[in-house]
Amino acid sequence: MLKAKVEAPDDLNPQETSEWFEALDEIVDQIGPDRANYLLERLMEHASNLGVRPPLRWNTPYINTIPPEDQVDYPGDRALEWTIKSLIRWNAIAMVVRANKYDANIGGHLATYASLATLAEVGYNHFFRGSYQDQTHGKLPGDFVYFQGHASPGMYARAFLEGRLSEKHLENFRHELRDHPGLSSYPHPWLMPDFWQFPTVSMGLGPICSIYQARFMRYLENRELTPRTRRKVWAFLGDGECDEPESLGALTLASREKLDNLIFVVNCNLQRLDGPVRGNGSIIQELEAAFLGAGWNVIKVIWGTGWDDLLARDTSGLLIKRFHECVDGEYQALRAMGGAYIRKEFFGKYPELLKLVEHMTDDEIWALRRGGLDPLKVYNAYHRAAAHRGQPTVILAKTVKGYGLGEVAEGRMTAHQQKKMADTDLLKLRDRFQVPLSDEAVHNLEFYRPPEDSREMKYLRGRVEAQGGSLPARHVKPIEIKSPPLESFKEALEGSRGREASTTAAFVAVLKTLLKSPELGKLVVPIIPDEARTFGMESLFREYGIYASQGQRYKPVDANVLLYYKEAQNGRILEEGITEAGSMASCIAAGTAYANYGVPMIPFYIYYSMFGYQRVGDLVWAFADSRGKGFLMGGTSGRSTLLGEGLQHQDGHSPLLFSAVPTCAIYDPAYAYELAIIIQDGIRRMYQENEARFYYICVYNENYVQPPMPEGEGIREGILKGIYKYRAAENGPAVAQLFGSGSILNEALRAQKILAEQYQVPADVWSVTSYNELRREGLAIDRWNRLHPTEAPRVPHIVKVLEGAAGPVIASSDYMKAVPDQLTPWIGGRLHSLGTDGFGRSENREYLRRFFEISAEAMAQATLSALAREGKIDAQRAAAAIAELGFSPDKIDAVKA
Ligand SMILES: Cc1ncc(C[n+]2csc(CCOP(=O)(O)OP(=O)(O)O)c2C)c(N)n1
Ligand SMILES: [Mg+2]
């Protein structure tokens with residue numbers, strides 16, 4: 001046992017210190033560490049009572065958490081696994097170097113996988129399950145593994161060895177647009193829907209999504225929607241990646257929820273892209289403290305087996321002292337410079353340490369490995385993590401960036417960007433990893449897969465079979481649910497019968513109908529980041545319960561009221577607290593459950609719209625990449641409709657931001673029936689027709705009378721396509737067209753009235769539910785026309801509906817002018833867009849709408865000016881109207897104010 005006898009210069013009484021040490025040594029020797037632990041805890045308690053503040057430490061020494069005496073034996077064939085791993089290394093390298101040899105600068109990374117290979121292979125061979133078996137349910141989905149995105153070449157190389165990918169695939173790495181389907185640069189389910197499950201390459205998204213995935217797994221189990229299995233979520237993170245706020249921001253959720261189905265593996269190769277992660281410190285110690293503090297089980301895998309003997313023989317404690325003295329920048333240099341350098345610079349600091357390695361050659365010193373590169377150490381960490389109960393586990397595995405790539409890359413500052421290798425380096429690599437390829441084959445960067453009847457291939461197949469199949473793999477069963485018939489939303493279709501209500505309230509009613517639906521009610525997942533009361537959703541608490549894995553361990557203060565705050569183990573609502581990123585991660589887990597669990601959950605994520613895309617846009621992008629389904633509801637929508645809150649709260653651009661996402665359908669409905677139709681059809685398209693899309697829908701908090709759905713042909717189709725005529729002019733054939741969306745449709749109706757009554761101008765009013773759908777359809781038709789010049793041109797919906805509709809189009813919404821401007825290619829000359837460009841203000845709606853010039857008066861004024869420009873009315877009349885309608889030519893432009 002290691003006896004701590006190092007004398008400390010600040011020790012006032014070394015004799016006394018040593019007696020205390022001896023007493024502890026004796027306890028550990030004779031009774032064991034558990035007893036020592038107990039005594040230390042009691043002592044700390046006692047010290048507290050005496051007024052002594054016991055020092056808080058969130059670090060253990062810079063050595064492996066699992067001592068050699070506690071290790072279990074490696075269950076696999078180490079030699080065969082080494083050969084398999086070496087071949088995967090080679091194929092991954094050949095793939096990237098080849099891509100860059102024949103297609104300069106196409107990119108790809110060597111160094112990440114080089115550091116990860118052992119961590120990945122021990123997982124593949126012994127831990128990651130491709131499926132689970134259950135007596136009652138048969139075959140169930142396997143583990144979920146979030147791979148480091150930049151290690152994708154290694155994942156492809158393994159799939160190649162397993163025979164799941166062909167040589168042609170590997171040749172077409174990063175060539176996705178050629179004769180043979182290629183491999184996407186990084187994990188993208190959108191691009192490789194049978195292979196990748198989780199997009200991870202944007203740093204930080206993998207970690208946060210994996211935490212919420214593990215939590216959602218429990219949610220499904222607790223709600224008895226999936227059977228309980230030993231299924232795990234494994235997430236591989238870079239140490240540099242841990243600097244992203246998303247990586248560590250949700251750690252306490254994982255410990256609070258006791259997610260022992262979650263294992264993080266941080267590949268601590270000490271480097272990121274530009275240089276060391278913590279050149280002047282220790283990333284492993286820093287992460288240890290952060291994870292311990294957050295309540296995780298931490299397993300450090302720092303040193304390989306070769307160090308065990310040195311540590312055992314070092315009774316002075318100097319070796320550990322030396323470990324602590326070295327900062328990461330030095331560790332990186334040590335790995336890059338060779339054995340003699342390590343002897344001189346590392347061990348040479350203390351004569352005792354030099355003596356410790358005097359029997360070793362420089363090569364033997366060089367061969368002392370880091371823990372994350374030692375299969376036995378990695379196996380033990382995984383083994384312990386998988387068996388750990390009651391806490392999530394993080395494995396901090398020390399590796400070497402660019403391991404095995406030779407002097408050009410190993411531990412070098414430039415390792416991350418390395419994508420080319422000279423023949424001489426490749427030949428060295430071939431020799432080091434014993435790849436059975438001739439010099440010429442190496443020069444040609446040939447891939448290598450051993451013959452089918454070789455021992456390696458038999459072993460590999462045996463392991464894959466024992467693990468229940470290969471990973472990564474995405475298997476999607478067709479969804480077999482039906483959207484409830486439109487009649488189910490009677491309340492919305494019939495309107496509010498004179499009562500004033502908001503579209504948010506209408507949404508809550510639609511949601512309640514869905515939650516009650518016998519067929520799909522149980523699949524509906526309301527997700528709310530601490531805003532339910534804002535949206536009038538608190539009645540759902542009592543009725544459906546807030547999901548709480550521990551149930552409700554307290555009597556809520558409002559227990560005596562009808563709508564009390566009810567938490568329940570089988571609660572349906574995910575009340576996330578104030579984390580939009582976490583809520584979005586939940587939405588991703590729920591909206592991809594149809595693929596990952598075979599359970600078509602339907603998320604409704606409702607949030608304060610301003611804190612949506614602009615806060616978590618990258619997660620939205622990943623949701624789309626994941627082929628996510630569901631509804632994102634932008635609550636308190638609109639820069640003028642959300643009154644009072646001001647600049648940071650009033651959203652005038654979400655529909656524009658979401659328009660960047662190819663699979664997102666964006667709607668801005670004005671009335672309850674429009675909303676119901678959009679949601680009903682959305683469920684049909686996503687869950688009945690199996691389309692990979694999701695919805696962003698604006699819902700407002702302005703109360704007004706919700707009219708019944710108008711009679712007449714084509715209303716439903718118009719709502720879904722993006723536009724329909726809501727109210728024709730009553731004072732003669734219209735000479736102008738007023739477009740309104742969301743709350744602002746009411747302004748358009750008021751403008752119609754002003755124009756009719758004060759200026760005798762007849763105008764039609766249209767509800768535009770989606771500029772973006774109209775644009776997308778228009779673009780698709782334009783493209784078709786471009787590619788079919790000899791055929792009769794097709795006509796976009798927006799052009800068709802406006803046939804025969806005379807005069808200028810005045811479009812107003814609670815969003816930026818660029819939203820209606822999306823129709824410019826088709827109605828550009830006629831279109832006059834009004835919108836809320838600029839910063840919001842804390843004011844009431846009337847002032848805000850006048851300020852942004854989107855009000856009824858502004859629409860009327862714009863109509864008159866447009867008609868004057870067209871020579872339809874006298875310009876003087878239009879000029880006079882400016883003051884009559886409460887404006888001035890000198891009024892400040894909101895976008896500059
Ligand atoms: C959000 C985001 N920012 C930047 C990048 C670019 N990038 C890719 S890899 C990388 C360095 C990764 O370092 P680390 O996490 O330590 O992984 P390693 O390759 O060392 O295992 C960077 C900056 C990215 N992919 N995502
Ligand atoms: Mg790194």
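In each ligand, atom 1 is the first atom listed, and ligand 1 is the first ligand listed. Below, all heavy atoms of this structure are taken into account, side chains as well, without hydrogens, waters or symmetry copies. Each residue takes its place number in the sequence, starting with 1.
- With a 6.0 Å radius and a threshold of 12 heavy atoms from other residues, nucleotides or ligands, R615 has its CZ atom at or below the threshold.
- Identified under the salt bridge (charged side-chain N to carboxylate O under 4.0 Å, His left out) test for residues 286-295, with sequence neighbours left out: R278-E286, E288-K300.
- Residue-level contacts of ligand 1 at the 4.0 Å heavy-atom threshold are T112, Q148, H150, V201, S202, M203, G238, D239, G240, E241, E244, N267, N269, Q271, R272, L273, K401, H416.
- With a cut-off of 2.8 Å, the protein N/O/S atoms near the Mg ion (ligand 2) add up to 3.
- For the side chain to side chain donor-acceptor pair (under 3.5 Å) test, residues two or more places apart in sequence or in another chain that qualify with T399 are N267.
- In this structure, the ring of Y382 has its center no less than 6.0 angstrom from the ring center of H126.
- Remark: E325 engages R322 in a salt bridge, criterion side-chain N to carboxylate O under 4.0 Å.
- Figure legend: cation-pi geometry between R343 and W366 absent, as NZ or CZ is not positioned both under 6.0 Å from the six-membered ring centre and within 45° of its axis.
- Between D425 and R432 there is no salt bridge, since none of the side-chain N atoms of the basic residue sits less than 4.0 Å from a carboxylate O of the acidic one.
- Judged purely by distance below 3.5 Å, without hydrogens or angles, the side chains of K401 and H416 pair a donor atom with an acceptor atom.
- Ring centroids of Y146 and F236 are separated by 6.0 Å or more, keeping the two rings apart.
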